[in-house]
Enquirer: 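Quick one: the structure is below, questions incoming.
So that the names make sense, note that chain A is the first sequence line, chain B the second, and so on, each numbered from 1.
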Amino acid sequence: MKLYDGWKITIGLIIFTGFFTLPIWLNLTSAESKVKPKLVYPEDAKECVEAKDYMNHFHMDLLNRWRDSVVRMNVRYVVRNGNILTHNGNKLEMSLTLTCLKCHSNKKNFCDQCHNYLDVKPYCWDCHIEPKGGSR
Amino acid sequence: MIDRRNFIKIVSFGGGIALATKFTSDLISQSERNDEPSSGLKAKRWAMAIDLEKCEQSPNCNKCIVACHSYHNVPQFDNPKDEIKWIWKDYFHNAFVTQENPYLPKGMKHQLVLLLCNHCDNPPCTNVCPTKATWKREDGIVMMDWHRCIGCRYCVAACPYGSRSFNWRDPRPFLKEFNPQFPTRTRGVVEKCTFCAERLSRSQMPACVEACPSNALIFGDLDDPSSEVRKVLANRFSIRRKPELGTSPEVYYLV
Ligand code: SF4
Ligand code: SF4
């Protein structure tokens with residue numbers, strides 16, 4: 001079998017494949033993504049209501065459970081081992097604004113970092129107020 | 001001998017089970033679920049009595065309305081068609097359409113009466129809600145869950161007292177100040193008085209009751225014969241709005 005202009009075709013194919021897969025090569029060689037979420041953690045609070053790993057992956061489940069608990073079951077405070085959890089002497093409410101955002105007081109440096117990175121748009125903030133007067 | 005087909009079946013089934021177990025165990029957090037100890041004020045049947053005589057003595061007083069609306073981030077719209085109200089005033093003959101007669105005492109006829117959701121014992125509004133975004137709690141409070149409201153406004157049509165308002169517009173630009181203790185609402189949901197369910201669970205009385213300087217609003221447990229509401233209802237004559245509809249309203253007006 002004879003391939004006419006074989007070397008031209010081969011070079012063309014190599015260039016084409018190279019271009020087509022360029023994003024893959026760029027990603028592989030740069031090893032890390034250029035934009036990364038930069039989370040600022042609170043300095044004065046050392047403990048969260050759950051382990052960091054759990055919060056990383058399942059904070060949305062926790063918030064949904066908190067929502068159902070407070071609104072639908074009329075159970076307001078966070079309980080562990082039969083006791084209401086406290087923070088600086090205050091009972092911990094199952095509340096996005098009053099508990100989570102008490103420590104993570106800057107939404108832009110915390111929530112928004114990953115949400116923007118992953119392009120998820122939770123509508124919590126349509127109603128729940130972000131601290132410091134908080135218009136959107 | 002296991003053939004290739006069975007091997008793949010076994011391995012993928014086992015893998016599936018392992019993954020599912022991992023995910024469920026991850027999902028279970030450290031905090032407990034439904035067995036939390038109860039907290040806050042509790043009752044078998046919350047109800048309110050409004051002393052019209054006391055209200056009449058200071059006809060320009062709006063402290064209860066201001067307290068409620070600022071606590072709950074209720075917006076002020078310029079167009080009355082957009083109005084959102086949890087607690088408001090209207091004339092006696094509008095509030096008590098069926099009890100009005102031409103020979104009422106002069107003052108009463110033109111008196112402004114404080115109105116709010118009656119937290120009916122037989123609420124028509126909850127029966128029509130397709131998403132259970134509004135429902136009657138065991139303690140009698142007709143509650144709202146704004147997460148679930150789809151804005152169909154069936155409840156607005158069902159309520160015979162005009163207690164429900166619909167958010168035609170985004171309320172946020174019409175709020176001068178926010179109370180971070182309570183969320184705002186968003187466009188497309190219905191809202192109304194919740195007997196301050198959130199305050200009761202923090203062991204506080206409703207905002208309006210607390211704000212009234214002359215104790216004209218009496219709030220308590222109808223099921224408890226020694227409660228303040230029961231006592232005042234036993235001593236004074238009271239009326240309710242449109243009781244003939246069978247809704248069994250639980251806001252009582254002392255006349
Ligand atoms: S007053 Fe209207 S909104 Fe309130 S419980 Fe009765 S029917 Fe429902
Ligand atoms: S407007 Fe909302 S609360 Fe009212 S009936 Fe529809 S879903 Fe239920």
Enquirer: Sort and list the pairs that fulfil salt bridge (charged side-chain N to carboxylate O under 4.0 Å, His left out) and have at least one residue in residues 67-84 of chain B, not counting sequence neighbours.
Expert: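 Residue pairs passing salt bridge (charged side-chain N to carboxylate O under 4.0 Å, His left out), neighbours aside: B:Asp82-B:Arg169.
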Enquirer: Taking every heavy-atom pair that is under 4.5 Å apart, which of B:Gln181, B:His147, B:Arg185 has the most such pairs with chain A?
Expert: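 Sorted descending by pairs with chain A, the first entry is B:His147.
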Enquirer: How close do B:Ser201 and A:Arg76 get, heavy atom to heavy atom, and via which atoms?
Expert: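 Minimum heavy-atom separation between B:Ser201 and A:Arg76: OG-NE, 2.5 Å.
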Enquirer: Would you indicate whether B:Gln76, at its atom CD, is surrounded by more than 12 heavy atoms from other residues, nucleotides or ligands within a distance under 6.0 Å?
Expert: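 Result for CD/B:Gln76: open.
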Enquirer: For the candidates A:Thr97, A:Leu101, A:Leu98, which exhibits the highest count of non-hydrogen atom pairs separated by less than 4.5 Å from chain B?
Expert: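 Among the listed options, the one with the most contacts to chain B is A:Leu98.
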Enquirer: Here's a test for you: under side-chain contact (heavy atoms from CB on, under 4.5 Å), which of B:Asn73, B:Thr184, B:Val189 qualifies with A:Cys127?
Expert: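 Per the side-chain contact (heavy atoms from CB on, under 4.5 Å) rule, the option paired with A:Cys127 is B:Thr184, out of B:Asn73, B:Thr184, B:Val189.
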Enquirer: Which answer fits B:Arg148, side chain, backbone, both or neither, if we ask what part of it has an atom under 4.5 Å from a heavy atom of chain A?
Expert: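 Answer is side chain: those atoms of B:Arg148 sit under 4.5 Å from chain A.
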Enquirer: In terms of heavy-atom pairs under 4.5 Å, which option from A:Glu93, A:His57, A:Lys91 contacts chain B the most?
Expert: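 Max contact count across the listed options: A:Glu93.
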Enquirer: How close do B:Arg172 and A:His128 get, counting heavy atoms only, and between which atoms?
Expert: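 Scanning both residues completely, I find the closest heavy atoms to be NH2-O, 3.3 Å.
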Enquirer: Name the member of B:Lys132, B:Arg187, B:Glu177 that forms the most heavy-atom pairs with chain A at distances under 4.5 Å.
Expert: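 The residue among B:Lys132, B:Arg187, B:Glu177 with the greatest pair count is B:Lys132.
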Enquirer: So, for A:Ile129 and B:Phe178, which heavy atoms are closest and what is the spacing to 0.1 Å?
Expert: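 Scanning both residues completely, I find the closest heavy atoms to be CD1-CB, 3.7 Å.
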Enquirer: Is it the backbone or the side chain of B:Trp146 that comes under 4.5 Å from a heavy atom of chain A, or both, or neither?
Expert: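 It is neither, since no heavy atom gets under 4.5 Å.
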Enquirer: Taking A:Asn74 as the fixed residue, which of B:Glu138, B:Glu198, B:Lys42 is the one that meets the side-chain contact (heavy atoms from CB on, under 4.5 Å) rule?
Expert: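 Single side-chain contact (heavy atoms from CB on, under 4.5 Å) partner of A:Asn74 among B:Glu138, B:Glu198, B:Lys42: B:Lys42.
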Enquirer: Can you name the residues that form a side-chain contact (heavy atoms from CB on, under 4.5 Å) with B:Cys152, not counting sequence neighbours?
Expert: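 B:Cys152: side-chain contact (heavy atoms from CB on, under 4.5 Å) contacts with B:Pro130, B:Ile150, B:Tyr154.
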Enquirer: So which atom in B:Met143 and which in A:Val71 form the shortest heavy-atom distance, rounded to 0.1 Å?
Expert: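 Reported closest heavy-atom pair: CE-O, 4.0 Å.
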